[in-house]
Every structure is written in structure tokens, then in C-alpha cells.
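Shown next, in C-alpha cells, is the structure this report addresses.
Because the structure is a prediction, the values reported are computed rather than measured. Just so we're on the same page: letters track the sequence lines, and every chain starts at 1.
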Protein chains: 2
Amino acid sequence: MKPTATALQTADDSADTGAQQIRDAIRDAIVERRLSPGTKLSEGDVGNLFNVSRTLARAALQALSYEGLVSVEKNRGAFVAYPSPEEARQIFAARRLVEPGILREAAARIKPSQIQHLRQLLLEEGRLISERGQTARRAEIKASGDFHLTLASISGNAIMQRFMDELVARSSLVIALYGQSTISSCGHSEHGDIVAAIERNDLDEACRLMLHHIAHIEADLDLRERKSVGLREAFEI
Amino acid sequence: MKPTATALQTADDSADTGAQQIRDAIRDAIVERRLSPGTKLSEGDVGNLFNVSRTLARAALQALSYEGLVSVEKNRGAFVAYPSPEEARQIFAARRLVEPGILREAAARIKPSQIQHLRQLLLEEGRLISERGQTARRAEIKASGDFHLTLASISGNAIMQRFMDELVARSSLVIALYGQSTISSCGHSEHGDIVAAIERNDLDEACRLMLHHIAHIEADLDLRERKSVGLREAFEI
DNA sequence: GTGCAAATGATCGTATACAATTTAGCCGTC
DNA sequence: GACGGCTAAATTGTATACGATCATTTGCAC
């Protein structure tokens with residue numbers, strides 16, 4: 001299972017300012033679930049795909065490993081991360097821990113134009129949900145995460161923003177692996193409720209809704225240990 | 001101002017498993033303030049210092065830039081990060097936001113042996129404070145951070161732990177730049193108070209103490225904008 | 001036919017080499 | 001004497017090359 005050209009070549013021919021472009025392209029592919037967890041990302045293949053040397057491919061993969069999106073195994077190669085159930089729990093625990101705080105901070109500094117921006121995001125998200133097709137689905141996944149990231153950006157704390165970047169991206173991986181419901185972002189209306197609570201300055205309610213929202217996402221996961229199904233159980237029906 | 005051999009060569013001749021060793025050595029040097037903010041870390045120099053090629057030196061510096069300890073400027077090189085007052089504020093805002101949560105999580109899972117471990121850390125910290133000399137001072141800086149990192153490790157959340165790693169390291173940079181009091185870790189007793197509160201299971205009080213502790217550290221900073229002192233003000237006495 | 005051992009191929013780890021960019025020094029002109 | 005442009009040195013950006021490690025398969029013995 002090697003990454004196909006269609007899975008990765010999105011921002012290909014843009015200026016080659018370095019490994020960053022490659023990193024971003026691969027990250028987008030992972031977040032939008034065009035690349036499945038466990039997919040091997042060999043340095044050579046990635047380099048060929050983007051027409052750069054292994055040096056840059058390696059740098060990009062290394063960067064992604066710091067974000068927890070790919071895992072590099074010594075002398076074996078890089079793979080799209082395959083979060084364990086335990087990791088998944090920790091990711092959502094971290095989100096429960098930081099998102100209320102980010103929300104409070106954001107609500108305290110939010111300006112009318114930014115509320116407007118949030119509302120526009122919700123609209124776009126709603127539009128994508130009603131559309132059909134793979135590309136719409138992928139855009140929807142991204143838009144769903146963008147809501148949380150925008151909140152972090154409004155909070156004005158670049159460090160928390162980067163942290164949320166990581167958490168949202170890794171959440172996408174977890175949902176790809178353990179999500180049950182076919183609908184990817186079941187909680188669209190919940191986003192709207194949160195914005196509404198912010199608008200009427202009811203912070204406690206907004207935080208409550210946020211925690212509920214995160215719990216809702218997590219509840220859709222099936223985090224039972226799957227001991228690499230496929231040895232025997234997969235055929236012993 | 002290039003990194004001197006004595007500033008970096010700590011774990012030099014140990015096994016060369018890769019760039020990780022170099023990264024850790026430089027990180028320690030930064031956290032213990034043997035390397036001052038703004039110091040240039042050229043790839044060539046770093047490579048020579050550790051007897052490796054520029055490839056590995058570059059990888060190590062790149063990794064440190066992801067942690068915010070080093071800033072790499074395109075075509076200009078890498079420098080020990082020089083956090084702006086605004087960054088400093090964000091770092092501490094982030095700590096205020098996450099540390100109470102980590103503390104609660106840790107307190108909920110803490111085992112007697114881990115309390116023992118914390119107490120031992122405090123003892124060691126106290127011992128270092130009473131000693132004199134540069135090496136003791138540096139060890140003290142590290143020990144002071146280790147308290148917070150140990151708490152994060154007890155929380156059992158690897159993601160939050162990594163995040164705290166970053167925050168504590170960057171805090172050290174900020175204190176090096178903006179700290180006023182000569183004593184580096186004024187809040188040793190506060191650490192003890194927090195452990196005591198945990199021990200008697202008074203979580204609210206523990207969180208309150210933690211927030212107080214962070215505020216105390218931050219209060220010792222002089223975060224006034226210094227517009228690269230040395231243009232004119234430095235001589236216009 | 002099964003199991004182990006050596007050879008093969010693919011991939012990674014690191015070093016070196018070359019191109020591009022910046023920085024510093026130098027000289028001529030104003 | 002100060003300013004501006006030019007050349008040279010130093011440093012980074014990227015590619016390539018070679019040695020090391022791991023996975024796989026081939027072949028042989030049992």
C-alpha cells in the first residue's frame with residue numbers, strides 16, 4: 001500500500017521553498033484521510049512524488065513525526081501514525097483539558113468581525129454536509145476541525161494554537177481508525193450552539209457545550225483493543 | 001558569540017545513535033542557561049563540536065526549532081530562541097491554562113510511591129539551593145522544572161507531558177531573559193506546599209497554589225518591551 | 001514438505017559535494 | 001571622510017553517494 005499520486009499531489013507545482021511544502025501537503029492528506037493510518041511513507045517514494053531528493057522528503061517526514069502524525073521506526077521507515085486506543089484516549093483527554101480554557105480566552109477577546117468569521121465557517125460547513133461526493137466529505141472533515149482551530153486562533157495564544165493544530169490533526173487520525181458512525185462530523189449543530197453561547201456571553205454554558213461536544217465525538221469511537229486482527233480471527237467466522 | 005566547547009560538550013563521546021543525542025545535549029545546554037538566547041548555532045560549528053556531519057547537526061537544530069527553543073531563519077542560520085515579551089506572556093498563559101488540569105489528573109492517579117518520588121525531588125532541589133557554584137545553580141534550574149514535568153508524567157498523559165516539556169524549557173529561556181531576582185527558583189517552598197495539598201487530597205487548594213506559583217514566577221519578570229536595546233537608548237544615558 | 005541459513009534486494013543512516021544566498025571587506029567615486 | 005557597488009568568503013539549501021540494517025527469498029539439508 002504505497003501512497004498514490006492522487007492521494008498526495010495537491011499543492012505540487014507550487015514554489016519549492018523547501019520541505020515545508022511537502023510536510024503541509026502530506027499533513028493535509030493525512031488530516032483529510034486520503035492517506036490511511038499505517039500507510040508506509042518511504043523516503044524514496046515521497047521524494048519521487050514531489051520531485052525532490054530524499055533529504056527533503058526525510059526532513060518533511062521527520063517534522064511530521066514531531067507532530068505525531070507519522071511514526072518513524074529506526075531502520076524501518078516512516079508510516080502514517082496508527083494511534084493506539086490508549087493514545088486516542090489521551091488525545092481526547094488533552095482536548096477536554098485545554099479546549100475549555102481556550103474557549104474562555106477566545107470569548108474574552110472576540111471581536112464582532114471574528115464572530116462573523118465563525119458564523120461564515122459554520123455556513124460553509126453546513127453547505128459541505130449537504131453536498132455529496134468524496135471531495136465534499138474531505139472538505140467537511142477539514143472544516144469541522146477548522147472550527148476548533150479558529151477558536152484557538154482567536155484566543156490569541158500562538159502556543160495553544162499550535163498545540164490545538166496537533167490535537168485536531170491527530171483526532172482526525174483517531175476518528176479514521178475508530179469512528180463508527182458513517183457521518184464524519186455528527187456534531188455540526190453543536191458548533192453552532194457554542195457560537196450562540198459565546199455571542200450571548202454565557203461562558204459557562206459555552207464550556208459545558210464544548211465538553212459535551214468533545215464527549216460526543218469520543219462516544220462515537222470504538223476503542224476496544226484490536227490485537228492486529230488478521231492472524232486467524234479474521235477468517236475464523 | 002559562538003558556542004564554546006565547555007558550553008555544549010556534556011554528553012559528547014556517548015554512543016552516536018543519531019541526531020537525538022545532539023538535540024538533547026543542546027536542549028540541556030539551553031535549559032540550564034549555558035547557552036544564552038540569541039547565540040548563533042551554525043550547522044558547521046555544531047557538527048564539528050559533536051564530530052558529526054552537518055546533516056545531523058541540521059536535523060538536531062530543526063528538531064529544536066519545532067520545540068521553540070531555536071529559531072531558524074531562512075538562509076541565515078539557527079539561533080537560540082530569543083522570546084519576545086509577548087511570547088513570554090503566552091508561554092505563561094499556556095501554563096496557567098494547562099497546569100491545573102494536569103495537576104488534577106495527576107492527583108487522581110497518584111500512587112504512594114510517586115508521592116515519595118516527588119518528595120525526593122523536593123529534597124534534592126533543596127539541597128541544590130543550599131549549595132553554591134555554577135554547576136549547582138544549573139542543576140537547581142533543571143530540578144525546579146523537573147517538579148512540573150514529573151507531575152505531568154504522573155498524570156499519565158504522554159501528550160500533555162510532551163507539551164509541558166516544551167513549556168518548561170521555553171520558560172527557562174524567558175526567565176534567563178527577563179528574570180529579575182538573582183535567585184532562580186524562588187518558589188521552592190511553593191512546590192512543597194503543592195505536594196502537601198495533594199497528599200491531603202485537597203485538589204482545589206493544590207490548583208490554587210499552582211496558579212499562585214506560576215503567577216509568582218511570572219511576577220519576577222520584567223516584560224517591558226526592549227526594542228533591541230543598543231540602537232540609541234543604550235548610549236543616550 | 002518443513003525448517004533453517006545464506007544471499008539478495010530494498011530502505012534507511014550518515015557523510016560529502018555542489019549550488020544558491022547572505023555577509024563582509026575592499027575600493028573607487030562623490 | 002562617507003556612501004555605494006563589487007568581489008570574495010562564509011554559510012545555508014539541496015542533491016547525491018556510500019555504508020549499514022532490515023526484510024525477503026532462495027537453496028539446501030533433514
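The salt bridge (charged side-chain N to carboxylate O under 4.0 Å, His left out) contacts involving residues 47-57 of chain A comprise E43(A)-R54(A), where partners must be two or more places apart or lie in separate chains. Contacts classified as ring-ring contact (aromatic ring centres under 6.0 Å, His included) and involving residues 134-153 of chain B (residues at least two apart or in different chains) are given here: F147(B)-H191(B), H148(B)-H191(B), H148(B)-H213(B). Each ring-ring contact (aromatic ring centres under 6.0 Å, His included) pair with one or both residues in residues 63-89 of chain A, not counting sequence neighbours, appears once here: Y66(A)-Y66(B).
For the salt bridge (Lys or Arg N to Asp or Glu O under 4.0 Å) test, residues two or more places apart in sequence or in another chain that qualify with R109(A) are E105(A). Under the side chain to side chain donor-acceptor pair (under 3.5 Å) criterion, Q90(B) pairs with E86(B), not counting sequence neighbours. With sequence neighbours excluded, no residue forms a side chain to side chain donor-acceptor pair (under 3.5 Å) with D146(A). Scored by the salt bridge (Lys or Arg N to Asp or Glu O under 4.0 Å) test, E67(A) finds R23(A), R27(A) as partners (sequence neighbours excluded).
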Counting primed atoms, P, OP1 and OP2 as sugar-phosphate and everything else as base, the B/S/- map of nucleotides 19-24 of chain D against protein heavy atoms under 4.0 Å is --SSS-
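Considering only the side chain of S53(B), dT16(C) comes nearest among dT11(D), dT11(C), dT16(C). The listed nucleotides are dA15(D), dC12(C), dA15(C); the one nearest the side chain of V52(B) is dA15(C).
Rounded to an integer number of Å, the gap from CG of N48(A) to P of dT11(C) is 10 Å. The distance between atom NZ of K40(A) and atom C1' of dC12(C), rounded to the nearest whole Å, is 9 Å. Spacing between atom CZ of F50(B) and atom P of dT14(C) amounts to 15 Å, rounded to whole angstrom units. Regarding L41(B), its CG atom lies at a distance of 14 Å from the C1' atom of dT12(D), rounded to whole Å. Between D45(A) atom CG and dT11(C) atom C1' there is a gap of 10 Å when expressed in whole angstrom units. Rounding to whole angstrom units, CZ of residue R54(B) and P of dT16(D) are separated by 16 Å.
The 12-atom threshold is exceeded at CD of E131(A), counting heavy atoms of other residues, nucleotides or ligands nearer than 6.0 Å.
A donor atom on one side chain and an acceptor atom on the other are found under 3.5 Å apart for R138(B) and Q134(B).
Contact check of residues 56-73 of chain B against DNA chain C (heavy atom, cut-off under 4.0 Å) returns L56(B).
Between T55(B) and E43(B), the residue anchored nearer the 5' end of DNA chain D, judged by the nucleotide with its closest heavy atom, is E43(B).
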